[in-house]
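Read the numbers this way: they start at 1 and go in the same order the structure lists the ligands and their atoms. Being a predicted model, the structure only gives us computed values, none of them experimental. Index from 1, following the sequence. For the numbers below, each heavy atom of this structure counts, side chains included, while hydrogens, waters and symmetry mates do not.
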Amino acid sequence: MKLKGNLMKKGLLIIISGPSGVGKGTVRSYIMDDISLNLAFSVSCTTRAPREGEVDGRDYFFISKEEFEQKIKEDRFLEHAYFCGNYYGTLNDYVEKLRNEGKNVIVEIETQGARQILAKLNGDDEISIFIIPPSLEELERRIRGRKTETEEKIKERLAKAEEELKLAPLYDYVVQNVTPKTCGEEIKQIIKNKLK
Ligand code: 5GP
């Protein structure tokens with residue numbers, strides 16, 4: 001029976017962006033627990049080294065700079081960016097496959113990449129959400145609390161965050177992450193409204 005395939009609606013593309021350390025990953029895990037939203041996470045490629053506990057193929061595809069640059073040449077990325085010393089990119093085929101299966105796909109990316117996607121698409125089947133911290137002081141506390149970056153990298157990420165926060169008006173929605181639960185609930189409602 002081919003019927004199911006023909007009737008299947010292509011999934012949404014959900015762009016979740018915001019400065020490093022704002023809690024995008026935690027909020028994403030929270031909303032993905034709601035199975036009624038039929039969500040899938042787009043696993044990105046990065047040249048950054050894995051952090052403790054991160055798993056290749058689940059958190060990221062950890063690849064070399066050479067492999068990444070080869071994929072750029074082959075036009076494999078929906079978007080990609082160079083962020084604080086490393087490449088990050090969303091694989092086009094990966095996202096398309098999931099969306100064609102009817103999944104609503106979350107891409108969790110920084111602002112340069114989000115701008116590339118927003119410039120390419122027309123808004124009908126996507127939503128863009130920008131997560132902001134309660135304050136810059138709180139963002140610094142969160143980045144330091146992760147204890148994964150050197151002092152130099154922390155400073156670099158904080159300076160970058162100040163720049164990224166200025167880009168909030170480019171997104172469809174801006175949501176403050178006071179707690180993952182309140183932020184996650186707000187995002188779930190945004191997705192539900194779009195799916196109506
Ligand atoms: P981290 O090194 O903390 O995992 O990620 C650094 C930043 O890169 C975060 O803001 C994260 O959301 C973003 N990021 C992760 N994957 C991608 C991607 O595929 N493309 C872009 N443009 N940014 C990404």
Side-chain angles (χ1 to χ4, degrees), residues 13-32 40-65 67-69 71-72 74-99 105-121 126 128-133 136 139-150 152-168 170-171 174-175 177 180 183-184 187:
L13 183 67
I14 303 163
I15 303 160
I16 297 190
S17 194
S20 167
V22 80
K24 298 190 286 289
T26 316
V27 171
R28 185 237 310 160
S29 302
Y30 180 86
I31 63 179
M32 287 194 69
F41 172 59
S42 162
V43 178
S44 296
C45 292
T46 183
T47 58
R48 163 167 85 55
R51 295 187 183 125
E52 207 181 310
E54 283 183 331
V55 176
D56 187 41
R58 182 192 70 186
D59 300 293
Y60 281 108
F61 296 111
F62 295 99
I63 63 175
S64 68
K65 188 164 169 275
E67 285 172 293
F68 201 102
E69 287 172 348
K71 289 191 195 302
I72 298 176
E74 292 167 1
D75 206 17
R76 300 275 304 278
F77 293 116
L78 175 60
E79 62 72 35
H80 67 276
Y82 193 73
F83 178 89
C84 293
N86 285 295
Y87 281 121
Y88 296 82
T90 305
L91 289 166
N92 211 0
D93 288 354
Y94 193 94
V95 170
E96 280 308 293
K97 181 172 181 293
L98 288 165
R99 291 184 70 193
V105 178
I106 297 183
V107 295
E108 187 193 307
I109 59 180
E110 52 67 74
T111 49
Q112 299 169 62
R115 288 172 91 166
Q116 289 170 38
I117 299 188
L118 293 173
K120 274 187 208 171
L121 305 174
E126 324 83 56
S128 57
I129 300 165
F130 191 72
I131 303 182
I132 56 168
L136 275 174
L139 187 71
E140 176 164 0
R141 202 185 62 73
R142 290 180 190 176
I143 294 181
R144 288 190 182 283
R146 264 194 329 214
K147 296 194 168 70
T148 51
E149 260 80 32
T150 60
E152 190 194 344
K153 284 280 174 199
I154 290 171
K155 294 236 162 73
E156 193 182 356
R157 282 179 181 241
L158 282 168
K160 189 92 189 165
E162 285 200 49
E163 287 305 306
E164 291 192 289
L165 284 169
K166 294 181 191 148
L167 300 174
L170 295 176
Y171 294 78
V174 177
V175 180
N177 184 13
C183 180
I187 293 178

- Give, for atom CG of Leu118 and atom CG of Leu167, the distance between the pair rounded to the nearest 0.5 Å. 10.5 Å
- Give the minimum heavy-atom separation between Ile143 and Gly21, together with the two atoms involved.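 It is CG1-CA, 3.8 Å.
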- Query: Does the pair Glu164/Lys160 count as a salt bridge with the N-to-O cut at 4.0 Å?
  - Reply: no
- Task: Could you tell me whether Glu149 and Arg51 have a side-chain N and a carboxylate O separated by less than 4.0 Å?
- Result: yes
- Under 4.0 Å from ligand 1, residues with heavy atoms, in chain and number order, are Lys24, Ser44, Arg48, Arg51, Tyr60, Glu79, Ala81, Phe83, Tyr88, Gly89, Thr90, Glu108, Ile109, Glu110, Gly113, Arg157
- Message: Once ring-ring contact (aromatic ring centres under 6.0 Å, His included) is applied, do any residues pair with Tyr87, and if so which ones, sequence neighbours excluded?
- Response: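 Scan of Tyr87 (ring-ring contact (aromatic ring centres under 6.0 Å, His included), adjacent residues dropped) gives Phe68, Tyr82.
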- Message: Less than 4.5 Å apart, side chain to side chain, heavy atoms only: is that true for Leu91 and Cys45?
- Response: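 SC-SC contact between Leu91 and Cys45 confirmed.
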